[in-house]
Amino acid sequence: GRRFPPRGVTPRYARNVKRNGSRSCLNRSRFSSRERDWLREDVGRGCVYVYGGDSAASSDLRLVLCTVDTPAAEICDGEERKNLFVQLHGDLVRRLEPTEKPLQIVYDYLAGLGFDDPVRVQEEAANSDLSCMIRFYSEKPCQMEQLDRILLSGIYNVRKGKTQLHKWAERLVILCGTCLIVSSVKDSHTGKMHILPLVGGKVEEMKRRQYTLAFTSAGAQAQTYHVSFETLAECQRWHRQASTVVSMRLSMVDLSCYSLEEVPEHLFYSQDITYLNLRHNFMRSSRAGSLDSLCRFSQLKSLNLSHNRLGEFPVSLCEISTLTELNMSCNGLHHLPSQISKLLNLQSFWLDGNFLTSLPEELGSLQQLSCLGLSFNNFCELPAICEKLTVLDKIAMAGNLLENLDLKVLNRMSHIKSVDLRLNNLKRAAADTLEGNKSVTYMDLRDNQLTDLDLSSLGCLEQLHCERNKLKELTLSGFSLRALYASNNCTCPYSCHPSYFFFLALLSNELQCVPDWACEAKKLEILDMSYNVLVELPSRILSSLSLRKLIVGYNNLQSLPPLQEHIPMEVLDLQHNLLTKLPETLFVKALNLRYLNASANSLESLPSACTGEESLSMLQLLYLTNNNLTDQCIPVLVGHPNLRILHLANNNLQAFPASKLSKLEHLEELNLSGNKLKTIPTTVANCKLLHTLIAHSNDISIFPEILHLPRIQIVDLSCNELNEILIPEALPAALQELDLTGNTKLVLEHKTLDIFSHITTLKIDSKPSLPTDSALTSTFWSHGVAEMAGQRNKLCVSSLALGSFAEGMEAVYGMFDGDKNEELPRLLQCTMADVLLEEVQKSDTMFMSNTFLVSHRKLGMAGQKLGSSAVLCYIHHDMADSASTFSLTVANVGTCQAVLCRSGKPLLLSKVFSLEQCTEEAKRIKEQKAIITEDNKVNGVTCCTRMLGCTYLHPWILPKPHVSSIPLTVQDELLLLGNKALWEHLSYTEAVSAVRHLHDPLAAAKKLCTLAQSYGCQDNVGAMVVYLNISEDNCTCEMHGLSLPGPGGFSSTTAKTATPSSSSGIASEFGSELSASEVSSEVGSTASDEHNAVGLDGSLLPRQERRCSLHPLLPSSIFQRQPSSATFSSNQSDNGLDSDDEQPVEGVMTNGSKVEVEVDIHCSKGRGLEFDPPALEYSSSAPGVEDDSGLVLVIQRQNSINSTVAHGGVKEKCELQKSPSTCCLYGKKLSNGSIVPLEESLNLIEVATEAPKKKTGYFAAPSQMEPEDQFVMPPDLEEEVKEQMKQQQENGADQEQKEEPAGGLAEEFDTAL
């Protein structure tokens, strides 16, 4: 037998691994039993996948068993290869040193992601999906497109000159850098070479000769070479690359991100190169083509070598005396050589993201140096050498270790004008002398630990940033100060003498009054004092003749001073105050006012807009949401004829006069949600520019006449009393979204649904199904989801809502925000619940954290460049005690948050992972030498420090979540989930108080999004409201009196199906709230638990006592979880990969439309022994239950599970009522990989043929009986027919009694409940 090596010794064999047909997916049975046993003996053992140069070829993939001590050289020997390469995140490919240990690299990478358990690390390292994040190659892979940009070469027929005097001859032609090189075929290296500079020249196609290009240099002595290619594709490749070169104004070569170790030799023939970009490579200091050879470029002026992992500054670069710009950022440099003094022409020198602690004295000889970047190093003080650099005008030292700023040092540097010291550890900044500084005009001290700041010596300071400190006192000169940013500090008395103030931001400072010196600023144009505790506003501020923008929201203002004179005010933000009225002359004196936000006050009326017949108002945006306004304010709005956006949500409006609405002809967006309106006036048709109408949560019963408007795009009439819709034959071409959910009286005809099927996003309630176990869980929780795109043209927020999770006794809710991408939120929405099911089985403690880490891996290639914030909430019983009460486990990354309302107060369960709000994360990223840009983003990409995806930003951006768990109590009322945009504009307290008294969770979620938009949110906003009712009063156990239906069907109260509503989890958006199982096998569920549910034939079955989620039965057998089976099919999955469903499902829209539907499919737990499955059954109607579709389908699931509590020969079966087109879905491949047997698929097809044949339409819409299909009974035969039907029912009952078993079972029935 084969002997396995001990720890530290590599097995001298490697097996080829074949793919199983799925893209980049490996055969799961790749280990033999001996290999598995060998791996289990030590967690330090594992395997690495080694790809060939062509990663797409399955024959090149090798599986190598090794240990964490096995070096790369030993693996290369076993593979008979010279080198081993590693690629991170599908990006750069680096050659491993012979002593590096590949398996240890993988283990360290996984540990850095957040995996703590060594056994789990070993398991994850063996997963083939990891190749999207880290991959090993035996040969360096190169893409053809990259090779073309570096160098093009070939042997072609060439003719010199524009005339035909020269003959065609075979030559070696090379296009590299900025030149075309033509040489002899035999003596290409030693023979004569013709070099043609192409920058500023031209390249043309010859018409007389096929596949021929003419290359011409620039200048009066221009030369031309004609090159004839063999194929069109080859000709196009050369033409494309040459066109790029000739179009450049400067002789610049960009070879960044090519994983280069050396410069191509032919590049040195381009002696006219002045700009060379080698960023993000692995350049070496020695050997041919290395950094030592760069001095061969005689005209090189700019060189970029950032992100090359150099470790040391190459001394050879100091020989390139022509350099004026040099970028050496992020190279791990600890010191600079003294030879740096030779670069006398250097003007810009970037050294950001290194480990420098000091600068050499020789740097002082660079007298032309005007820009020196030292950010994110390890300096503890300002370098004294900067005093000698007299041309230097800026000190850029953000992200260092400075604790004290001695202003005397700045006084000695009279040439310094700009100082950037943000993200340091500054605790003190003062001058010990009275000597003034007349040079510094800009200073940035953000994100430090300053408690007091005296900059009175900086007499010429024009702009100061000191946000997010701990300032209690600030003293400034103010004679030259134009802009002051001092938000997010402590109670801060300011001492200043403003003369030229233009901008002042003092928000979030707990200020009780506006500083007097701010009122005296005669040139102040913008004042932001929001999020303070102001109780009054000085009349000097509101009456200022210079102020154009005033933001005083989120204060305690009770009134505003009257206006006596005309003011130039253009923007006025008064939201979240205690105002009961506005100044009577506001609209008369502020004629330039274009934006007014007075939401979240107590306004009961509005001031008049004009005193005469004609209004001069220029108001365009008016936000008055969440006030006490009545119908009396509507006539005042007519005085603003230029209104474009009007928000009047959550007021006391009962009617909107038709004559008044008709005069608002320029209206583009109208929000009337949360009022008591019964109709929208027909004069809305006069608003020809209207593109958005939001009027949810009213009492509207008649559909408004808005579908005739040419520009209408978004219509939200959810949570109203609509009962009919009159629509034109053709919908407006611009209509993108129509939301009709929550209208319990609305019945849509098939004709209407066909017309609506062409809308991109259609949201309507799905048809009610038979009561199932999920109905029992709805007594404990119900949810509503709202997502609004805002001013963005796409929705990048998705949500996950499974109110009946696993066996219906648990729930999962999630929110995902992709910021600017919609792909990742969709993928996470579809896969994360299935991953959670698997992880719960593997671990009782780390399941939530591992769910995020595994979901991060499953994003695959989509997660390499894109990222998403996420929050996931899991309601479950204690893992150790299944009879315990419910617990809530919450995990999140990024800026999505979850808040629990307990006893009416918010309880934050998540953590915001951003640079501004998490100092620990900012410190970690600084230590890892990431570059944080001035807008507080990691490498200028994202403000989040932990996300799912964005693997190319590893190790700065991590997927490890914050996890918290809390037991649920009777005092827990609701759970709120929201994305960044929601919580930026709503406080936790306001969000809770706004919805805790509402009864419909859908209306509650809608209200939260509407409030955020009215408060100034223009981005995507998403909100989910989960109502909790965890109490003994909701017990549904049989022992607590729940009566189950008998053989005759359900009782009259039970048979009445619940009205469909999004709040009960029936309605959801195909574009956002999908099942947890809708993806292909590439990124979808990998759950392998198998259950078996069989049909119900009406016989009486013995069963266990039914218990509720509060009082579950103790498990009598091993409980295995099954993913939610709500499944959608589409021709292409959301992640862009080809789906297994090649053919469209009949009845499902295939025109790209999104339709809101959620389908819950619950399978029961098998109690009997294994048996042969019966044939699939279906009947025309459910006994005793109304069903518009007239169709009940009994489906046997392939998945099976055995139970120790079994009765011989007894079978349990489950009924599922589905709409016809939903039944068709069962003929497809299920999302977890199981396939319905062929005979069942055939039966399903037969059932589907009974559904109405429609090319397009809503696939779960309530079926309506056509007039011609109704059964009309003649009056003279009515009594006879009734008698026959009664006799037939009695015969059927007698037949059922005869079929009962002789033993006489207890009167218990297994029903859909």
Side-chain angles (χ1 to χ4, degrees), residues 150-151 176-179 195 197 199 250-256 258 260-356 358-374 377 383 385-386 388-392:
I150 298 174
L151 185 143
C176 184
T178 61
C179 297
I195 300 175
V199 176
L250 301 174
S251 298
M252 181 179 65
V253 175
D254 186 357
L255 296 178
S256 60
Y258 285 154
L260 295 178
E261 295 180 356
E262 56 191 29
V263 176
E265 181 63 27
H266 289 90
L267 187 65
F268 292 103
Y269 291 100
S270 303
Q271 284 298 311
D272 59 340
I273 292 179
T274 56
Y275 294 85
L276 180 59
N277 187 359
L278 294 172
R279 181 179 62 92
H280 272 293
N281 284 291
F282 302 102
M283 297 298 298
R284 302 194 173 188
S285 299
S286 58
R287 64 186 235 184
S290 63
L291 297 179
D292 294 343
S293 304
L294 295 183
C295 58
R296 295 167 59 184
F297 293 108
S298 58
Q299 302 182 33
L300 190 61
K301 293 183 178 181
S302 177
L303 177 61
N304 189 344
L305 285 171
S306 60
H307 296 274
N308 268 273
R309 299 169 56 112
L310 295 177
E312 294 184 0
F313 191 97
V315 180
S316 59
L317 297 181
C318 301
E319 304 297 329
I320 311 177
S321 58
T322 56
L323 280 179
T324 59
E325 295 182 6
L326 178 59
N327 192 336
M328 298 294 294
S329 301
C330 302
N331 275 297
L333 305 180
H334 288 79
H335 64 275
L336 298 181
S338 58
Q339 292 87 338
I340 197 73
S341 58
K342 296 181 179 180
L343 300 176
L344 298 177
N345 294 316
L346 200 61
Q347 300 176 10
S348 300
F349 194 15
W350 288 281
L351 294 165
D352 305 307
N354 287 291
F355 297 93
L356 299 175
S358 62
L359 297 177
E361 289 292 332
E362 290 78 6
L363 192 66
S365 60
L366 306 183
Q367 291 301 309
Q368 296 189 36
L369 192 63
S370 60
C371 182
L372 178 61
L374 300 175
N377 280 278
I385 195 64
C386 293
K388 299 181 180 180
L389 302 174
T390 56
V391 185
L392 190 67

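Numbers for residues simply follow the sequence, beginning at 1. Source: prediction; values computed, not measured.
- Minimum heavy-atom separation, Ser329 to Asn327: OG-OD1, 2.9 Å.
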- [ ] Report the C-alpha distance between Leu372 and Leu359 in whole Å, list the side-chain angles of each, state the deciding distance to 0.1 Å, and finish with yes or no for side-chain contact (heavy atoms from CB on, under 4.5 Å).
- [x] CA-CA 11 Å; Leu372 178 61; Leu359 297 177; 4.0 Å; yes
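- The two residues Ser251 and Val199 make their nearest non-hydrogen contact at OG-CG2, 4.0 Å.
- Taking a 6.0 Å sphere around CD of Glu312, one finds it holds 12 or fewer heavy atoms contributed by other residues, nucleotides or ligands.
- Panel note: side chain Asp254, backbone Ser256; a donor-acceptor pair is recorded below 3.5 Å.
- Asn281 contributes a side-chain N or O that, together with a main-chain N or O of Tyr258, makes up a donor-acceptor pair within less than 3.5 Å.
- Between the side chain of Asn277 and the backbone N or O of Leu255, no donor-acceptor pair lies under 3.5 Å.
- Listed for the Ser285 side chain is no donor-acceptor partner under 3.5 Å among the backbone atoms of Pro314.
- With hydrogens and angles ignored, the 3.5 Å screen pairs no side-chain donor or acceptor of Asn304 with any backbone N or O of Leu278.
- Residues Glu361 and Lys388 approach most closely at OE1-NZ, 3.2 Å, considering heavy atoms.
- Among the candidates Leu323, Thr324, Thr274, the single residue satisfying the side-chain contact (heavy atoms from CB on, under 4.5 Å) test with Leu300 is Leu323.
- Of all heavy-atom pairs spanning Leu343 and Ile320, the tightest one is CD2-O, 3.3 Å.
- Counting only distance, with no hydrogens or angles, the side chain of Asn354 and the backbone of Asn331 share a donor-acceptor pair below 3.5 Å.
- Among all heavy-atom pairs drawn from Asp292 and Ser316, the shortest one is OD1-OG, 2.7 Å.
- Between Phe349 and Phe313, the ring planes are perpendicular. Angles over 60° get that label, and only those under 30° would be called parallel.
- Ion pairing between a basic and an acidic side chain is recognised when a charged N comes within 4.0 Å of a carboxylate O; Arg284 and Glu262 show no such pairing.
- Residue Leu389 comes nearest to Gly364 through the heavy atom pair CD2-CA, 3.9 Å, listed as atom of the first residue, atom of the second, then distance.
- Annotation: side chain of Leu260 is in contact with side chain of Met283 (closest heavy-atom distance under 4.5 Å).
- In this structure, the separation between CG on Leu250 and OG on Ser302 is 10.0 Å, given to the nearest 0.5 Å.
- For the residue pair Ser298 / Gln271, a side-chain donor-acceptor distance below 3.5 Å is found, with atom types taken as modelled.
- Met328 places none of its side-chain heavy atoms less than 4.5 Å from the side chain of Leu336.
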- [ ] Kindly determine whether Ser306 and Trp350 satisfy side-chain contact (heavy atoms from CB on, under 4.5 Å), including the steps that lead there.
- [x] CA-CA 9 Å; Ser306 60; Trp350 288 281; over 6 Å; no
